[in-house]
Amino acid sequence: MELKRIGDFAWELPRAGEMRVPGWIFVSEELLRPLLSGTEGGEDEGGGHEWNALVQVRNVACLPGIVTASIAMPDIHPGYGFPIGGVGAFDPDGGVVAMGGVGFDINCGVRVLTTPLSRSDVEDRKEEVADSLFAHVPAGLGSEGKIRLTLNGVDEVLKKGAAFALERGYGLPEDLMYIEENGRMDGADPGAVSARAKEREFRQIGTLGSGNHYLEVQYVEEIADRAAARAYGLEEDQILVAIHCGSRGLGHQIGQDALPELERASRKYGIPIRERELVCAPIRSPEGGKYLAAVFAGINCAFANRQVIAHLVREVLAPLFSLPHGAIRTLYDVGHNNVKFERHRVDGEERTLLVHRKGSTRAFGPGRRENPDRYRAVGHPIFVGGTMGTASYILRGTEVGMEKAFGSGIHGAGRAMSRAKAKKRWRGQELVQDLAKQGITVRAHSYAGAAEEAPGAYKDVDLVVEAAVGAGLNALVAKVRPLVCIKG
DNA sequence: ATGTAC
């Protein structure tokens with residue numbers, strides 16, 4: 001595939017064939033190289049689909065009703081249907097909602113809590129902090145939470161999101177102000193969610209899960225943007241807690257249920273299926289409407305999940321450091337596997353679009369009314385999770401990002417190596433010991449899982465951030481380092 | 001990502 005350079009950190013995949021718009025890939029030369037080494041039409045573990053992130057950018061560009069471009073963030077790597085790091089905005093008239101644009105872990109995202117603690121408060125108590133968090137926050141594959149829901153309770157979670165958790169006494173009212181959508185997505189319909197999906201939520205609310213999900217105690221190493229840091233209440237050496245998780249089994253089941261339904265819809269409406277998960281339905285069709293109502297419910301499930309986990313973190317840290325719960329505040333909570341209706345300027349005209357972000361964080365810039373009052377002037381924070389052994393970053397939305405990428409940003413380092421390959425190359429136990437020597441206390445529910453998450457299996461997060469900032473999509477606010485990491 | 005399987 002021929003790419004045209006259109007900027008220092010921007011490349012265009014020109015419109016050709018059945019593409020309705022061009023592809024825009026925001027990467028540096030160095031990050032572009034591995035993308036070009038994939039083989040088009042190559043075999044993959046999933047059954048012989050084209051397993052190449054750039055092919056996926058092109059496939060998304062072929063979907064009906066896509067607006068402006070099929071966009072890839074600097075952490076782009078192959079996903080199901082959409083690339084991870086992919087953004088696609090669609091016109092509600094004639095456009096589609098695509099399962100691959102959301103993925104299985106609906107509203108997977110990050111919440112960051114601020115504390116009044118500084119690095120020195122935690123540094124020599126890391127083992128104690130790690131053990132307490134590990135014991136109190138349920139995590140790992142198939143883990144079950146401390147809360148049991150009834151069927152009616154699950155419906156309430158799906159309708160109310162984080163507010164449900166608050167009603168049950170998990171969290172502080174001010175938390176809601178600092179969650180994307182205030183923690184509650186409109187248009188969620190529990191009736192669009194299967195009984196099987198709901199059954200998976202009965203015992204799973206308030207659990208971290210596995211894979212790349214984690215709970216991390218971090219300190220602020222460096223502040224790059226004083227004004228934004230002031231608005232966010234961040235200082236150097238300050239202790240933060242990052243919670244990375246999603247909608248667990250429920251979101252996964254919504255995705256599984258949607259596959260055959262949207263496959264039928266794709267055929268019914270005559271939309272070519274270019275990859276198993278790139279099935280879709282017109283936004284205004286009954287099938288599209290049902291899928292959206294189910295996804296919105298899944299989004300609420302993840303908001304509620306992170307809200308409960310934030311409470312569990314407070315239950316651990318407050319007594320340990322003699323703090324009131326109110327001293328541990330929600331900086332922000334924002335997802336990176338979502339689809340939603342948003343207002344955007346396209347060619348000078350304000351329009352409502354359905355924006356898919358798959359492994360891409362919403363990153364609204366200065367002035368947007370969706371931002372909390374305290375953040376309105378600088379844009380809301382976004383969280384870029386590095387790996388167990390490397391830095392994470394706090395960035396913010398920008399006006400350039402609003403124009404070029406529908407207000408989107410990066411979400412992490414992005415995998416550079418498959419999970420299978422990483423598992424062969426590293427041993428989890430050795431990895432945890434190595435990290436301990438570097439001052440990072442890791443508690444993992446699965447050593448095999450930890451090996452898959454080896455820092456070496458990811459791209460260099462510093463380069464990914466450099467590209468996002470260089471392209472102007474996001475602005476750098478602060479760099480943070482891990483002290484304690486709980487892995488699923 | 002995922003009760004790694006219909």
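From a predicted model like this one, the values you see are computed outputs, not experimental measurements. In what follows, every chain begins at residue 1, and chains take the letters A, B, ... in the order their sequences are listed.
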*asked:* Using side chain to side chain contact (heavy atoms under 4.5 Å, CB included), reason through Ile328(A) and Leu317(A) one step at a time and then give a plain yes or no.
replied: CA-CA 9 Å; Ile328(A) 301 167; Leu317(A) 296 185; 3.9 Å; yes

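We find that CZ of Arg203(A) is positioned 18 Å from C1' of dT2(B), with the value rounded to whole Å. One can place CD of Gln256(A) at 7 Å from P of dC6(B), the figure rounded to the nearest angstrom. Between Asp105(A) atom CG and dT2(B) atom P there is a gap of 6 Å when expressed in whole angstrom units. Put simply, CG on Asn107(A) is 13 Å from P on dT2(B), counting in whole angstrom units. Separating the CE atom of Met99(A) from the P atom of dT2(B) is a distance of 14 Å, rounded to the nearest angstrom. Atom C1' of nucleotide dT2(B) and atom CG of Leu250(A) are separated by 12 Å, given to the nearest angstrom. The distance from atom CG of Asp257(A) to atom P of dT2(B) is 16 Å, rounded to the nearest whole Å. If you measure from atom NE2 of His252(A) to atom P of dA5(B), you get 10 Å, rounded to the nearest angstrom.
The aromatic rings of His244(A) and Tyr214(A) sit perpendicular to each other, their planes meeting at more than 60°, with 30° as the lower class boundary.
As judged by a 4.0 angstrom heavy-atom cut-off over every strand, Glu144(A) is placed among residues making no nucleic acid contact. When heavy atoms are screened at a 4.0 angstrom cut-off, Leu141(A) is found touching base atoms of the nucleic acid. As judged by a 4.0 angstrom heavy-atom cut-off over every strand, Gly211(A) is placed among residues touching the sugar-phosphate backbone only. Residue contacts for Arg419(A): at a heavy-atom cut-off of 4.0 Å it reaches the sugar-phosphate backbone alone, with no base atom in range.
Ala281(A) approaches Glu287(A) most closely through the heavy-atom pair CB-CB, 4.0 Å. Nearest heavy atoms, Arg443(A) versus Ala130(A): CG-CB, 3.9 Å.
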